[in-house]
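Residues take their numbers from the sequence shown, with the count starting at 1.
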Amino acid sequence: MPIDAPRINPSILAADFVNMEAELARIAGADFVHVDVMDNHFVPNLTFGPQMVGRIQDTSPVPLDVHLMIDDPDRWAPAYAELGAASVTFHLEAAASPVALARQLRAIGARAGVAVKPGTPVDNLFDSLNEFDQILVMTVEPGFGGQSFMPETMPKLRALADEAKRRGSSVWLQVDGGIGESTIAQAAEAGADTFVAGSAVFGADDPDRAIQSLRASAARHRH
C-alpha cells in the first residue's frame, strides 16, 4: 500500500461488543481501529473507559485511534496515550489548553489529534496546525453512531486542507460520521485523507473487502 494511501479506520461503535476480539480480527486490513470514548457529559452517551480500551489495545491487530468525546481531556487524555494507543484525539470544545495537551500526548508517544464538532469554526487552528498530528472534522454531531453525513461541514474541511497545503503541514485530516461508499468521495474531494467508517465496514459481509473498496474510492477522489 502506498505510504500516502487514504486511511480507513473502522469504528467499533458498529461492532458486536460481546465478540470484540473476533470483530477486531475481521478488520485486520484496516489502518487503525477507531475507539469512541464517551462520558455521558460531553455527549449524551456512555461507552468505554480506560479498562476496556486497554483490553482492546491488548487484542487489536491494528493500532488504536482513540477519540475522546469527554469533558476535561486535559486531565484524562494522557492516560489513553499511556495505554499505548497510537493516536489520541480530544475535542477542541472541551480542552482548556489544546496545544499543551497535544504536546503532552506526543511526549508520551501518541499521535496528538484535535476534533471539532460540525458547528465549531476551524480558523483558530490555522496558526497551530503543526502542533497536531491529526484534525478530526466531525461530519455528524458527536455522541451516536448511524447518523447521516452532513455535507455542510465540507467547506470547513476544505479550508483546513488548503491552509495545511499553504503552510506545508503534514497534519492528517480525518472525518467521522456517516462515511460510506456514497459519501467518502465528497470527503476525499474536500481534503480528507483519514476516514472513520462504522456500519459501512462492520455491517458488510466481508469487512476486509469493504475497507479496500472505501480506500479505493477515497483514492480516486482525493483532494
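- In this structure, the side chain of T153 engages the main chain of M150 through a donor-acceptor pair within 3.5 Å.
- Listed here is the closest heavy atom pair of T194 and Q134: CG2-OE1, 4.0 Å.
- Remark: the D176 side chain and the S11 side chain contain no N/O donor-acceptor pair separated by less than 3.5 Å.
- With respect to D193 and R222, no salt bridge is recorded, no charged nitrogen being found less than 4.0 Å from a carboxylate O.
- Residues D58 and R55 are paired through a salt bridge, judged by an N-O separation under 4.0 Å between the basic side chain and the carboxylate.
- By the 4.5 Å heavy-atom criterion applied to side chains, P10 and H34 are not counted as neighbours.
- By the 4.5 Å heavy-atom criterion applied to side chains, I184 and R215 are not counted as neighbours.
- Residues A110 and V88 come closest through the heavy atom pair CB-CG2, 4.2 Å.
- Here the side chain of E131 pairs no donor or acceptor atom with the backbone of V99 at under 3.5 angstrom.
- D31 places a side-chain N or O within 3.5 Å of a backbone atom of I8 that can act as its donor or acceptor partner.
- Side chains of I135 and V122 form no contact here, defined as non-hydrogen atoms less than 4.5 Å apart.
- A pairwise comparison of heavy atoms in A190 and M154 identifies CB-SD, 3.8 Å as the closest pair.
- Judged by distance alone, the side chain of D133 and the main-chain N or O of W172 form no donor-acceptor pair under 3.5 Å.
- Side-chain contact between H41 and I70: absent, with no pair of heavy atoms (C-beta onward) separated by less than 4.5 Å.
- In this structure, V66 and S87 have side chains that are not in contact, with every pair of non-hydrogen atoms separated by 4.5 Å or more.
- Side-chain N/O atoms of E21 and T59 include no donor and acceptor closer than 3.5 Å.
- Atoms OG and CG, on S170 and N130 in that order, are 7.0 Å from each other to the nearest 0.5 Å.
- Here R167 does not pair with D162 in a salt bridge; the nearest charged N to carboxylate O distance is not below 4.0 Å.
- Hydrophobic clustering (side-chain heavy atoms under 4.5 Å, transitive across Ile, Leu, Val, Met, Phe, Trp, Tyr) keeps F32 apart from M52.
- With respect to D65 and R111, no salt bridge is recorded, no charged nitrogen being found less than 4.0 Å from a carboxylate O.
- Contact check for L214 versus F195: no side-chain heavy atoms found under the 4.5 Å cut-off.
- Here the CD-CG distance, from Q174 to N9, works out to 5.5 Å after rounding to the nearest 0.5 Å.
- The closest donor-acceptor contact from the side chain of N45 to the backbone of N40 lies at 3.5 Å or more, if one exists at all.
- K117 forms a cation-pi arrangement with F42, by the criterion of a distance under 6.0 Å to the ring centre and an angle within 45° of the ring axis.
- Considering only heavy atoms from C-beta on, L24 comes within 4.5 Å of M20 through its side chain.
- V140 and V116 end up in different hydrophobic clusters when Ile, Leu, Val, Met, Phe, Trp and Tyr side chains are linked at under 4.5 Å.
- A continuous path of ILVMFWY side-chain contacts below 4.5 Å connects L160 to I179, so both sit in one hydrophobic cluster.
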For this session: Starting from the C-alpha separation in whole Å, work towards a yes-or-no answer on side chain to side chain contact (heavy atoms under 4.5 Å, CB included) for I12 and E23.
Result: CA-CA 8 Å; I12 58 169; E23 291 285 77; over 6 Å; no

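- A donor-acceptor pair is defined here as one N or O able to donate and one able to accept, closer than 3.5 Å; such a pair exists between the side chain of T47 and the backbone of M38.
- Here the closest non-hydrogen pair linking Q147 and E141 is NE2-O, 2.6 Å.
- Environment of CD in Q51: sparse, with no more than 12 heavy atoms of neighbouring residues, nucleotides or ligands closer than 6.0 Å.
- Scanning both residues, F202 and A14, for their nearest heavy atoms gives CB-O, 3.5 Å.
- Remark: side-chain polar atoms of D206 are paired, donor with acceptor, to backbone N or O of R209 under 3.5 angstrom.
- Between F17 and F48, the distance from one ring center to the other falls under 6.0 angstrom.
- The distance from atom CD of Q186 to atom CG of L157, rounded to the nearest 0.5 Å, is 11.0 Å.
- S60 contributes no side-chain N or O that, together with a main-chain N or O of I56, makes up a donor-acceptor pair within less than 3.5 Å.
- Hydrophobic cluster membership is shared by V35 and I27, with clusters built from Ile, Leu, Val, Met, Phe, Trp and Tyr side chains linked at under 4.5 angstrom.
- In this structure, the side chain of D208 does not engage the main chain of A28 through any donor-acceptor pair within 3.5 Å.
- Taking both residues in full, the closest heavy atoms of D74 and A95 are given as OD1-CA, 3.4 Å, listed atom of the first, atom of the second, then distance.
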For this session: Begin from the C-alpha positions of T89 and L68 and carry the test side chain to side chain contact (heavy atoms under 4.5 Å, CB included) through to its verdict.
Result: CA-CA 6 Å; T89 297; L68 301 176; over 6 Å; no

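- By the rule that hydrophobic residues join a cluster once side-chain heavy atoms approach within less than 4.5 Å of another member, F90 and Y80 end up as members of one cluster.
- Looking only at side-chain heavy atoms (C-beta outward), V53 and L64 come within less than 4.5 Å of each other.
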Problem set entry | Test side chain to side chain contact (heavy atoms under 4.5 Å, CB included) applied to H91 and H67, step by step | CA-CA 8 Å; H91 266 266; H67 176 195; 2.9 Å; yes

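- For W76, the CH2 atom is loosely surrounded, since the number of other residues' heavy atoms within 6.0 Å does not exceed 12.
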Exercise. Given the rule in the side chain to side chain contact (heavy atoms under 4.5 Å, CB included) test, do K156 and V137 qualify, once you have shown the distances and angles that lead to the verdict?
Worked result: CA-CA 8 Å; K156 181 167 63 176; V137 174; 4.0 Å; yes

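- Annotation: the span from L101 atom CG to R106 atom CZ amounts to 11.5 Å, rounded to 0.5 Å.
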